[in-house]
There are 2 protein chains.
Amino acid sequence: MRDTTPQGTYKVQALDRAFAVLDLLGESETPLGLAQVAASLQLHKSTAHRFLMVLERHRMVERTANGKFRLGLRLFDLGNRAIEQYDLRDRAQPHLRRLVAETEETAHLALLEAARVIYIDKIEPTRAVRMITRIGASNPVHCTSVGKAILAFLPPERAAEVLRRIRFERMTHRTIATLEALRVELEKTRRRGYAVDDEELEEGLRCIAVPVLDAQRLPVAAVSVSGPSFRVTAAKLPSIANHLLQCVRGISVDMGYMPTGRGARAVASA
Amino acid sequence: MRDTTPQGTYKVQALDRAFAVLDLLGESETPLGLAQVAASLQLHKSTAHRFLMVLERHRMVERTANGKFRLGLRLFDLGNRAIEQYDLRDRAQPHLRRLVAETEETAHLALLEAARVIYIDKIEPTRAVRMITRIGASNPVHCTSVGKAILAFLPPERAAEVLRRIRFERMTHRTIATLEALRVELEKTRRRGYAVDDEELEEGLRCIAVPVLDAQRLPVAAVSVSGPSFRVTAAKLPSIANHLLQCVRGISVDMGYMPTGRGARAVASA
DNA sequence: GACGCGCGTCCCATCATATGAGAAGCTAAA
DNA sequence: TTTAGCTTCTCATATGATGGGACGCGCGTC
């Protein structure tokens, strides 16, 4: 396994011990007494006591009515801040780079907002013709592969909400123009596990996308590969889709959404 | 006087510093560099560096691509374990969902800690405008309905303890600003059995809350319904309060606080 | 009631530990 | 190339954590 612990050096005994206490309390089903903590971690009573008091002052642990210790709510607070400021973008970037290297086409990372998709990152292959997309820009869901990828795997009620909001603007002669046609297309997307935009947003541009699923297997974003139709041919789609699936799986693991690297296919659940 | 300041003593410098680092990163919108951290906390570069390396080893912080630091996912993990131990949240959820279905407004579940309330769960109606509250966040007791709901039903000596700690920050022009005014409000809350926050935290936001009582009839949490003042009108309050009371009664039963489903009204004991 | 036991709290002399000055690296911009 | 700003690393020092041990409390047993 690629070890992410480059240096075992850098030690602060007090911190290692304190975190061991938190770990222990986190593992334990029930609150633990001072003596139990001290014994489990081979700490002297007085040492354990001091740590617990300090941790309590920081609300990292708290005491139950009978004086036992358990994890405190400050952790809950910090934890929520951690994922909040945590952005998908930084995590996804290395995976996107690899994807671009593999496919030699442009990759996008996008989020769904209302009935539009917003591109939060874009990676281009070095020698490709520049695409005109701008990070931060948005497009309607119904004519983008990222939009369809997210929509297809959203729970029905949330998908319905988005569908209601779509105004079927026509971008090219191939743009999906009706709710019914879109429904059919989403079903197709679910079955094959990836979404395709075949010149529906822009003439000559073909894209393919898969959703990034969170721990609840809900799509939080989508990754796409886009390129000129003459290079991104129908025959190549399955192979590109495969790279995409590997890519989003990597992202999910890095986000902590999937416990291990192996897990089943990221999509194709329904 | 019997000091409630449990311990100003008990110090472990290393821990205080480490938690200061986590606080800082939690406050900051963007990831911070080593130099920024060291400067903000008046630590020496090398000290800050050592701490960050250790924190990183424990996955309490992580580094962005450009080497800056932000909170790590271990905190998210521990934070979730922290609330798991109160299984209040899990047990309450179905009841909250029903409440939201009935009222079509946002419901919150909150705990009291020190002189603040911490939101541990939030359920939003499907088509509501999203509220900005973040799970894990906290607010002062005196300007929230959940805070007042808990405070009003706490035994006098424990309530006094909390009251002493309140710093009457003003959030809107309606925020309760004095201890006396708050006392009157709490008395009113006790009499009618539910607490109201009438734009005291945020302009245009009205909330109503009732406490969740444990087996000893002591409040352990509170449930609130919040919505824009134009929808949550004064006329609707009694009806919403009724739904709330049913909701917390259900929670109490599920938690094993009340032997049967019928028991008397959850509140209105005093 | 007295005793023993387990547990949490507290104190303080000792020395292991964290500390921080500073040097060395690294990268990007001038 | 130099400079500036940042991170990484080393090491002698004394600060700050450590843990032995005393104390007190509550509980169950004799």
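Lettering follows sequence order; numbering is per chain, from 1. As the structure is a prediction and not an experimental result, all values here were calculated from the model.
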Output, in order, the C-alpha distance, side-chain angles, deciding distance and verdict of salt bridge (Lys or Arg N to Asp or Glu O under 4.0 Å) for B:Asp23 and A:Arg81. CA-CA 10 Å; B:Asp23 278 9; A:Arg81 288 171 195 255; over 6 Å; no
Parallel, tilted or perpendicular: which describes the rings of B:His49 and A:Tyr10, with under 30° parallel and over 60° perpendicular? perpendicular
Should the pair A:His58 and B:Phe19 be assigned to parallel (<30°), tilted (30 to 60°) or perpendicular (>60°) ring geometry?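 Rings of A:His58 and B:Phe19: tilted, as their planes differ by 30° to 60°.
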Between A:Val12 and A:Leu32, who's closer to the 5' end of DNA chain C by nearest nucleotide?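 With A:Val12 and A:Leu32 compared, the 5'-side residue is A:Leu32.
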Closest nucleotide of DNA chain C for B:Leu43 versus for A:Gly67: which of these residues is on the 5' side? A:Gly67
Go through [options] for me and flag the one nearest to the [X] side chain.
X: A:Ser46; options: D:dG20, D:dT18, D:dT7; value: D:dG20
X: B:Phe51; options: D:dA17, C:dT19, C:dT9; value: C:dT19
X: A:Gln13; options: D:dA17, D:dT8, C:dA18; value: C:dA18
X: A:Arg63; options: D:dA17, D:dT7, C:dT9; value: C:dT9
X: B:Arg17; options: D:dT18, D:dC9, C:dT19; value: C:dT19
X: B:Tyr10; options: D:dT7, C:dC10, D:dT18; value: C:dC10

Using atom [atom1] of [X] as one end and atom [atom2] of [N] as the other, report the distance to the nearest whole Å.
X: B:Asn66; N: D:dG5; atom1: CG; atom2: P; value: 18 Å
X: B:Met53; N: C:dA18; atom1: CE; atom2: C1'; value: 17 Å
X: B:Lys68; N: C:dT27; atom1: NZ; atom2: P; value: 16 Å
X: A:Leu15; N: D:dG16; atom1: CG; atom2: P; value: 15 Å
X: B:Phe69; N: D:dC6; atom1: CZ; atom2: P; value: 14 Å

Check this for me, if you would: do B:Glu113 and B:Arg116 make a salt bridge, where the nitrogen-to-carboxylate-oxygen distance has to be below 4.0 angstrom?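 No, this pair does not count.
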For [N], does OP1 or OP2 lie under 4.0 Å from any side-chain N or O of [X]?
X: A:Thr47; N: D:dG19; result: yes
X: A:His49; N: C:dG8; result: no
X: A:His44; N: D:dG20; result: yes
X: B:Arg50; N: C:dT19; result: yes

Could you go through B:Glu187 and B:Arg190, starting from their C-alpha distance and side-chain angles, then the distance that decides it, and tell me whether this counts as salt bridge (Lys or Arg N to Asp or Glu O under 4.0 Å)? CA-CA 5 Å; B:Glu187 182 50 38; B:Arg190 270 187 291 272; 3.2 Å; yes
Does A:Lys11 make a side-chain donor-acceptor contact with the base of C:dT17, cut-off 3.5 Å?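 Side chain to base: no pair below 3.5 Å.
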Measure distances between side-chain N and O atoms of B:Lys45 and base N and O atoms of C:dG20, and say whether any donor-acceptor pair falls under 3.5 Å. no
